[in-house]
2 protein chains.
Amino acid sequence: MSEPTTHPARPLADLSADELAGFLAAQQAAYADLSGRGLKLDLTRGKPAPAQLDLSDELLHLPRGSVDRDGVDTRNYGGLEGIRELREMFAELLWIEPDQIVAGGNSSLVMMREVLTDLWLKGGVDSERPWSQEEKVTFVCPVPGYDRHFTLLDWFGIETVTVPMNDDGPDTEAVAQLVASDPSIKGMWIVPTYANPTGSVCSLEVAERLASMPTAAPDFKIFWDNAYAFHHLTEDEAKSADILSLASAAGHPHRPIMFASTSKITYAGAGVGFLAGSVETVRWYITHLGKGAIGPDKINQLRHAQFFGSAQGVRDHMLRHRELIAPKFAEVDRILEERLGGLGVATWTKPKGGYFVSLDVLDGTASRVVALAKDAGVALTPAGASFPQGRDPHDRNIRLAPTFPEPADVAAAMEAVATCVLLAAAEKLADQA
Amino acid sequence: MSEPTTHPARPLADLSADELAGFLAAQQAAYADLSGRGLKLDLTRGKPAPAQLDLSDELLHLPRGSVDRDGVDTRNYGGLEGIRELREMFAELLWIEPDQIVAGGNSSLVMMREVLTDLWLKGGVDSERPWSQEEKVTFVCPVPGYDRHFTLLDWFGIETVTVPMNDDGPDTEAVAQLVASDPSIKGMWIVPTYANPTGSVCSLEVAERLASMPTAAPDFKIFWDNAYAFHHLTEDEAKSADILSLASAAGHPHRPIMFASTSKITYAGAGVGFLAGSVETVRWYITHLGKGAIGPDKINQLRHAQFFGSAQGVRDHMLRHRELIAPKFAEVDRILEERLGGLGVATWTKPKGGYFVSLDVLDGTASRVVALAKDAGVALTPAGASFPQGRDPHDRNIRLAPTFPEPADVAAAMEAVATCVLLAAAEKLADQA
């Protein structure tokens, strides 16, 4: 191990030309050493590790029986809204009423696509016409954000306008200004709790403003993707703002559509997705769903209801996830601090929950860092992935996803990332010098 | 029990006015008696009976382990096309290659909606433009047919033109004539094997013609919904025509899109749906699917692969279904024959597979029969349900679904149906006299 390479203990920008040349040479040597190790590591996607999936392996032997608490035979057709006992459990967790939530199949992303399809072809409960009949439809996208949200918009031909994602959520001033005057702006995405990738938590104040701000479009929608609502990494557990009540109180009950899932609670591939909203929104969704579906996999819902037992069971279960993944996040922070701290070449988030660390490197070097890492055998999410169309205007953001690899691999990968960040920074500064 | 009421042993139309009046009075008395019994029976939907679902209850304790034959951890994200061992099993059953089939979630109907959405918003592999940009899109619908197919078309605003469903499949002469000249006709539905509700089996000749006929639309699609491919009721097992090979041989490889599912093999609510087509069609579907989905429930797919063991395991399993439901179909036929035979007031199908009996009553009396049955406590599928927009131009078709109720209830329901058919017929004939 040659890491850590010489750490000059002051900002690289302050180095003399000679010092910088020496530093660059040291990084090139470190990188050459790294490349020779034949690494094969992957920090690309927010996937649970096998040890996390093991926490739910009781599911493989459930359900006990196949009849739910209401006497429904979950093996047969029907029940578009999902079984009541699981809806009640997640309604409690999300502070809503059971008739405001639908339990679906294994993917909340699929439910988002269904909602967009319905809005596109039919319009929402408060739309004047189907969105496809509008001249243009635009979404506000806080950035950095979740690549799959942007991909979905792109698929529909929905345009995007970005706003900064702050520590307390989207920049509400920027959002409010955009939506007030442009009726083509029909919606926005938010991951309100431990956002992907920044870890930001939408504050009550921000949520209130988003819920109440005047919008030129009468059918403006907030896609409130609460994918990490219960995914705490510390004892300081963030409480998601109660967007449905806030919107209702502000006179816009149909504005938010909430999504959640157990993909990162039980099994990523075989969990249960949820959609929530006003009673009218839920009815609207179910009505359209019923034109092309007979019902979700109720057995898997029963399996989940029995596995958790109660809302508290979900919370308890999340503590076990935290025990497994918090050390990996700590390792990411430790290595970044040790290798990059004080050098003025990178900043990164210290999330209290969720699945990601957002790393900002020197402007114009993110793509180079990802390419260097790739050549050294470390797969990173493509630079720019957290921006619509994959275009980071500053080419500086890199999303790190440390949950899946083993702790030792997280450390090895982060050492490699640090070397690549340093080399790219030194190259850039030397080039400018 | 007052049934069977007097059976005049000759066509009702041949009765004298006096005889008819007597017959009508007898039916009115029989119906009054029926209404007094407080029946609560349901022949509405093609649902498996609990005893059929029990056949698959080993699934509740599966899978053993969570790694598939390829070493994939089925608990995690990914694998849009479904796990290979299950795709191979159903590829064998459907005589196609594994790269021509996708294993999805719990519903083939949902896959049909996805395909229509993709065609609507993006166009197919051989489309000039998205279907939504066409002035008009029309589907050919053999009637009577499956109500959910029609509902789906209606939801998209796709128009329908009907053709007769014959014993050997859709009336190809009628279909060929329509599609040859009208470029707005973009597709057709077929349930090729044991069709809903007639039980018709699409012959090789019919399939060949449909696969090869010239169409004005370059991107004409056959939605080949093989929902009952393995659902035999007798030893005379129908073999589905190999539509993919036929279409490929005829130079239209992308024309058919095949659907199948285990909804009526294992669990109606928690089975696995399949889509099949040309390799290009499968790639097209997966590409669009990937914009809003990460992967199906692979654990449930593994569960199914382990439960069946092999393609032969599926066939063997279907024999057990047959043992349970064939007697119910026999009972339907026995009672209809006994009560209505020779009276010239009804004809019905004697299906060799599938889930339905299609009953044609005197023109103009189907709605009356269904209303009478309802008032007597017997729920039947709404008259006209097997036609687009629920409109049977002759008001004569009733779909009977005998699988779900207990055998004794099937018999009681059919006795009631027979009484209602006779009363409605006598009313009509008396009215015309």
Side-chain angles (χ1 to χ4, degrees), chain A residues 45-50 52-54 56-57 59-66 73-79 105-107 109-114 116-117 120-122 132 148 151-152 154-157 263 266-271 288-300 303 404, chain B residues 45-50 52-54 56-57 59-66 73-79 105-107 109-114 116-117 120-122 132 148 151-152 154-157 263 266-271 288-300 303 404:
Chain A
R45 292 230 70 99
K47 285 168 69 167
Q52 289 178 268
L53 299 169
D54 291 348
S56 300
D57 274 353
L59 283 173
L60 298 175
H61 313 291
L62 290 172
R64 292 175 294 274
S66 54
D73 185 341
T74 59
R75 302 171 303 176
N76 223 323
Y77 286 122
N106 76 323
S107 166
L109 185 63
V110 165
M111 296 172 108
M112 295 176 214
R113 171 169 152 159
E114 285 168 350
L116 279 173
T117 304
W120 196 254
L121 295 180
K122 303 291 173 177
S132 57
R148 290 189 185 271
T151 301
L152 203 42
D154 215 39
W155 192 76
F156 278 94
S263 290
T266 55
Y267 291 149
H288 289 302
L289 185 66
K291 306 300 183 184
I294 304 183
D297 182 340
K298 297 186 298 298
I299 293 185
N300 202 36
R303 198 176 272 132
F404 186 77
Chain B
R45 292 229 71 100
K47 287 169 68 169
Q52 289 177 268
L53 299 167
D54 291 348
S56 299
D57 273 353
L59 284 173
L60 297 175
H61 313 291
L62 290 173
R64 293 174 295 273
S66 54
D73 185 341
T74 59
R75 302 171 305 176
N76 223 324
Y77 286 121
N106 76 323
S107 166
L109 185 62
V110 165
M111 297 172 106
M112 294 176 215
R113 171 168 152 159
E114 286 168 349
L116 279 173
T117 303
W120 196 253
L121 295 180
K122 302 292 171 178
S132 58
R148 290 187 185 272
T151 300
L152 203 44
D154 214 39
W155 192 77
F156 279 93
S263 290
T266 56
Y267 291 149
H288 289 302
L289 185 67
K291 306 300 182 184
I294 306 184
D297 182 340
K298 297 186 297 299
I299 293 185
N300 202 37
R303 199 176 273 133
F404 187 76

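Keep in mind that the numbers below use all heavy atoms, side chains included, and drop hydrogens, waters and symmetry copies. Chain letters run A, B, ... following the sequence lines, proteins first, then strands; residues in each count from 1.
- The contact between L121(A) and chain B is made entirely by side chain atoms (from C-beta outward), counting heavy-atom distances below 4.5 Å.
- Between R75(B) and D57(A) there is a salt bridge, since a side-chain N of the basic residue sits under 4.0 Å from a carboxylate O of the acidic one.
- At a 4.5 Å heavy-atom cutoff, the contact between R303(A) and chain B is made by side-chain atoms alone.
- Between chain B and the residues L289(A), D297(A), T266(A), the most heavy-atom pairs under 4.5 angstrom are made by D297(A).
- Per-residue counts of heavy-atom pairs under 4.5 Å with chain A were compared for M112(B), H61(B), R113(B), Q52(B); the largest is that of R113(B).
- Most heavy-atom pairs under 4.5 Å with chain A, from the set E114(B), R64(B), K47(B): that is K47(B).
- Your options are R148(A), K298(A), K122(A), and the one with the most heavy-atom pairs under 4.5 Å with chain B is K122(A).
- With a 4.5 angstrom heavy-atom cutoff, N76(B) touches chain A via backbone and side-chain atoms both.
- When each of G105(B), G78(B), G65(B), P296(B) is scored by its heavy-atom pairs under 4.5 Å with chain A, the top score falls to P296(B).
- Among D73(A), I294(A), D154(A), the residue with the largest count of heavy-atom pairs under 4.5 Å with chain B is I294(A).
- Counting all heavy atoms, side chain and backbone alike, Y77(B) lies closest to P48(A) at CE1-CD, 4.1 Å.
- Put simply, of L109(B), V110(B), L53(B), L152(B), the one with the most heavy-atom pairs under 4.5 Å next to chain A is L53(B).
- Both the backbone and the side chain of P50(A) come within less than 4.5 Å of a heavy atom of chain B.
- Heavy-atom minimum distance, L60(A) versus S66(B): CD1-CB, 4.3 Å.
- Only the side chain of N106(A) comes within contact range of chain B, with at least one heavy atom under 4.5 Å from a heavy atom of that chain.
- Neither the backbone nor the side chain of L116(A) comes within contact range of chain B, judged by heavy atoms closer than 4.5 Å.
- Contact tally against chain A (heavy-atom pairs below 4.5 Å) for N300(B), I299(B), L59(B), T151(B): the top residue is I299(B).
- Here P63(A) is the residue among S107(A), P63(A), S56(A) with the most heavy-atom pairs under 4.5 Å with chain B.
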